Amino acid sequence: MGSLHSLPDEPQYVGLAEKTGFSFEQIGILHKRFKQLSNNGETLRREDFNTIPDLLCNPIRSQIIEAFFDRRNFRQTDGVGTVHEIGFGEFLVVMSHFRPPSIRLDDEQKEVIRMEKLRFLFNMHDTDNDGTITLEEYRHVVEELLSRSGALGKETAKGIADAAMLEVASISMGHMEPDEFYEGITFEHFNKLLKEFEIESRMNIRFMNMDTTTLCK
Amino acid sequence: MALSCHQLGSFPPRLSVYVLLIVFVAAASASHDAPQDGTHDPTNVTHKKAFPVLLFNYDHVRTPFEISLWILLALLMKLGFHVIPRVSQVVPESCLLIVVGLLVGGFIKAIGEKAPALDDTLFFLYLLPPIILDAGYFLPIRPFTENVGTILVFAVVGTLWNAFFMGGVMYGVCQLEGGQLASVDLLSCLLFGSIVSAVDPVAVLAVFEEIHINELLHILVFGESLLNDAVTVVLYHLFKEFSAVGTVTVLDGVLAVVCFFVVSLGGLLVGSIYGVLGAFTSRFTSHTRVIEPLFVFLYSYMAYLSAEVFHLSGIMSLIACGVTMRPYVEANVSHKSYTTIKYFLKMWSSVSETLIFIFLGVSTVAGPHAWNWTFVVVTVVLCLVSRVIGVIGLTYVINKFRIVKLTKKDQFIVAYGGLRGAIAYSLGFLLPDHHMKTLFLTAIITVVFFTVFVQGMTIRPLVELLAVKKKKETRRSINEEIHTQFLDHLLTGIEGVCGHYGHHHWKDKLNRFNKTYVKRWLIAGERSMEPQLISFYNKMEMRQAMLMVESGSSAKLPGLISMQNIQPKVESRGRTIPKISKGREEEIRRILRANLQQTKQRLRSYSRHDLFADPFEDMNENLSEMRFRKQRVEMERRMSHYLTVPANRQETPPVRRVRFESDDQDYTSRESSGVRARNIGPNSSPADAISVLEESPPLRPNRRSDGGVRRSAEHGAQATDDDAEKETGEPQTQGRRVSDPGPN
């Protein structure tokens with residue numbers, strides 16, 4: 001692989017490869033990209049993400065960027081809160097959430113991977129980290145989704161979010177008394193909601209084994 | 001045939017169906033030898049005839065009569081099958097129809113008539129297009145585009161492999177066998193191979209429709225059957241031309257490859273052009289809603305015919321037309337037209353499919369046959385073998401490029417689902433008269449029968465046995481839609497961060513191009529700016545509303561979740577509204593219900609209808625009645641909610657405000673102007689607000705000119721609640737807010 005000039009057998013890579021499941025080539029390419037984004041620095045900050053032109057027209061841009069700096073996604077046991085800058089290790093761990101599951105896995109392992117990806121999504125919605133997605137947070141999600149699509153106003157977004165919330169409540173709770181209150185979507189409800197969604201096959205991107213980053217920027 | 005009426009009535013239904021069938025067939029065949037009846041005018045009238053009271057003139061209506069008879073026969077057969085429950089669960093409908101065709105063909109032959117054969121004009125120009133259009137128009141775009149690479153590889157490379165493998169091995173076998181077969185040369189074998197190798201969309205649809213397999217497998221096999229048309233067309237023409245000449249040179253081979261690209265891309269181009277034309281036309285049809293469906297059908301049919309003129313791939317053209325047209329047409333046409341299009345397409349494709357299978361059966365009996373054990377058996381075996389080898393080999397290569405790999409089970413289903421059908425037969429029929437033609441035809445028919453009967457019947461138990469994933473039955477929910485969109489954007493963003501342009505990136509670019517340029521031209525009015533999530537939400541609301549109207553007074557059960565359950569309760573923000581005890585609440589509720597006209601039970605349904613975000617304005621002028629009822633139900637629901645949900649001072653949708661302030665005449669003008677000022681929705685219609693204004697009066701038995709809605713609601717019920725009188729002193733703006741609780 002002539003395009004790689006970072007040593008594939010650095011001990012750091014071995015550790016990362018084990019932790020995240022990427023191959024050495026993939027780690028090398030991502031490291032190059034990391035250096036590109038951070039201007040050859042050691043850490044990435046939020047402003048560095050602004051240099052990506054494609055991300056600018058993405059409606060959920062801020063949430064994606066936040067996800068990179070969210071400690072809960074770093075696969076540490078008790079990560080809470082956000083950081084201001086991340087190193088390559090954390091970058092890679094966040095990216096590893098999008099790795100496609102290997103075909104050789106059995107059902108249990110597939111379930112674990114599915115839970116991981118679901119957790120990532122859940123963390124993206126649950127911004128205050130209280131373990132539930134409240135109505136306000138869900139409304140925010142829908143508003144962001146519709147934000148680039150023209151000035152249709154908050155009312156429609158609210159209507160959609162409310163309808164969606166109703167549906168979650170109906171699925172999860174089935175039957176509620178008029179004065180009971182549905183706190184928010186917990187992780188179990190979220191799982192139940194997206195059971196048919198096949199997230200383990202959908203939430204993946206292709207990680208290159210060959211270096212094509214120089215072709216596009 | 002001398003059955004009296006009461007005897008008929010006592011027969012079980014299926015027997016009467018068969019009796020009818022016999023009647024029709026006899027009539028059809030009898031019509032063949034219609035004598036020349038009293039239509040001739042005798043030129044030399046030697047004697048005066050009596051004035052004929054009743055004449056028999058069959059020739060005049062012969063063709064349409066026969067056509068109608070055949071179609072009626074086909075449909076009666078379809079009816080008949082569902083009367084026999086057990087059989088239709090085991091045997092797929094296509095098999096039964098072929099059997100019927102065989103019987104009918106046998107019957108006709110027994111009478112001594114010449115049975116109509118499935119000739120190619122009839123098939124390719126009249127029977128095939130509706131099925132393909134139905135398939136193309138309702139093609140699930142997302143799974144198709146996600147798997148388009150795999151589908152293309154199977155369609156192009158797979159079919160090529162099948163054709164050459166079969167042709168080559170058949171040639172070898174023929175040479176080895178000698179005798180009658182020795183005269184079959186290589187090119188003829190290759191021609192035969194190219195006819196038999198293509199997976200047939202009609203057969204696949206007919207069988208897969210009934211087994212409800214998961215979306216991925218369905219789209220793989222079905223997509224392959226559609227896209228292999230280009231390959232089949234090119235190979236067929238290539239070998240047909242050259243089997244006459246006898247040799248194929250390298251130049252011909254190169255030209256064939258070029259031809260393939262021209263045929264497929266040309267077909268797609270023609271289809272897309274007609275699709276865009278159709279979409280553009282539908283933009284202007286708002287005043288002539290009745291003919292909207294016709295535009296869809298005619299443009300698509302023209303696309304097919306135009307492609308056939310140039311020997312391009314008609315099927316691909318038709319698919320491209322349907323796929324291109326659909327999103328824009330659906331945004332433009334009225335709901336009724338949409339339903340019409342859907343049902344007409346389903347109807348026509350159903351009739352076509354039935355007719356095709358019946359005619360297959362009839363032609364089998366009718367056609368000349370030349371049976372040769374070796375040839376036929378080897379053909380059948382080879383079909384299976386080459387398909388299996390092809391699928392396994394290609395999957396091995398494809399899996400290297402796929403994110404979601406195809407498992408062994410998937411491969412088996414894809415291989416086993418490669419059914420041959422009527423297209424192969426018609427192509428064989430089209431062959432020029434060739435000394436081997438009857439042999440080929442017999443072999444093709446046998447392969448078709450084998451795949452449809454054996455594979456068609458056994459695929460269902462096999463699917464059960466292998467526990468292949470089935471199609472999920474539930475309709476897409478709004479949460480899934482939200483998350484689908486969210487995931488799309490997320491993955492596009494992550495791809496951007498990674499720095500490579502993948503699948504999502506290009507899809508995103510296409511969507512943006514579509515939104516900024518194409519939609520503006522092709523979609524009428526406001527809806528061109530509507531993002532997908534909102535259209536989905538509106539469709540869902542619409543469906544709910546229609547259900548509500550249809551179900552009439554049978555509303556949903558109480559106890560389901562409703563808006564108030566998910567609204568955060570405001571704790572104590574200086575509440576100025578006294579809390580009512582539960583007993584009082586019940587009383588009030590009961591009285592309210594009694595007073596309202598046509599009381600409906602508390603509806604716990606999805607929607608909190610945002611009336612000003614109502615895009616159905618331009619879409620459904622006919623639904624005003626439905627909307628009226630919807631609004632009234634909504635009002636009733638809200639009123640009963642007001643008693644339990646405390647005020648939320650934050651945002652108040654202007655529409656609701658208007659509705660309930662209508663009691664106070666002095667507010668009215670101020671309110672409506674306030675409404676107009678606040679309306680930021682896209683299709684806000686003051687007319688809507690005014691109509692709401694007009695509605696509410698009949699529902700208010702007692703009107704008071706005090707502060708707010710809540711009070712008037714209660715006071716309407718009982719004029720004794722003095723606590724709230726204190727509220728009247730508040731300034732009007734404040735009062736407005738306080739009075740407008742409601743789930744917000």
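Within every chain, numbering begins at 1; the chains are lettered A, B, ... in the order of the sequence lines, protein sequences first and strands thereafter. Values in this document were obtained by computation on a predicted structure and should not be read as measured data.
Atom CD of E215(B) sits in a sparse spot, with 12 or fewer heavy atoms from other residues, nucleotides or ligands closer than 6.0 Å.
To the nearest 0.5 Å, atom CD of residue E495(B) and atom CG of residue N58(A) are 11.0 Å apart. Atoms CG and CE, on L490(B) and M124(A) in that order, are 5.0 Å from each other to the nearest 0.5 Å. Interatomic distance, NE2 of H505(B) versus CD1 of I205(A), reported as 12.5 Å (0.5 Å rounding). Separating the NE2 atom in H125(A) from the CD1 atom in I482(B) is a distance of 8.5 Å, to the nearest 0.5 Å.
The nearest pair of heavy atoms linking C498(B) to M95(A) is SG-CE, 3.4 Å. The two residues L121(A) and H483(B) have their closest heavy-atom pair at CD1-CD2, 4.4 Å.
Highest contact tally toward chain A, considering only V404(B), I494(B), T484(B), is held by I494(B) [criterion: heavy-atom pairs under 4.5 Å].
Contact annotation: the side chain of L491(B) never approaches that of R202(A) to less than 4.5 Å [non-hydrogen atoms, C-beta and beyond].
Neither the backbone nor the side chain of F34(A) has a heavy atom closer than 4.5 Å to any heavy atom of chain B. For V94(A), no part lies near chain B; criterion is any non-hydrogen pair under 4.5 Å.
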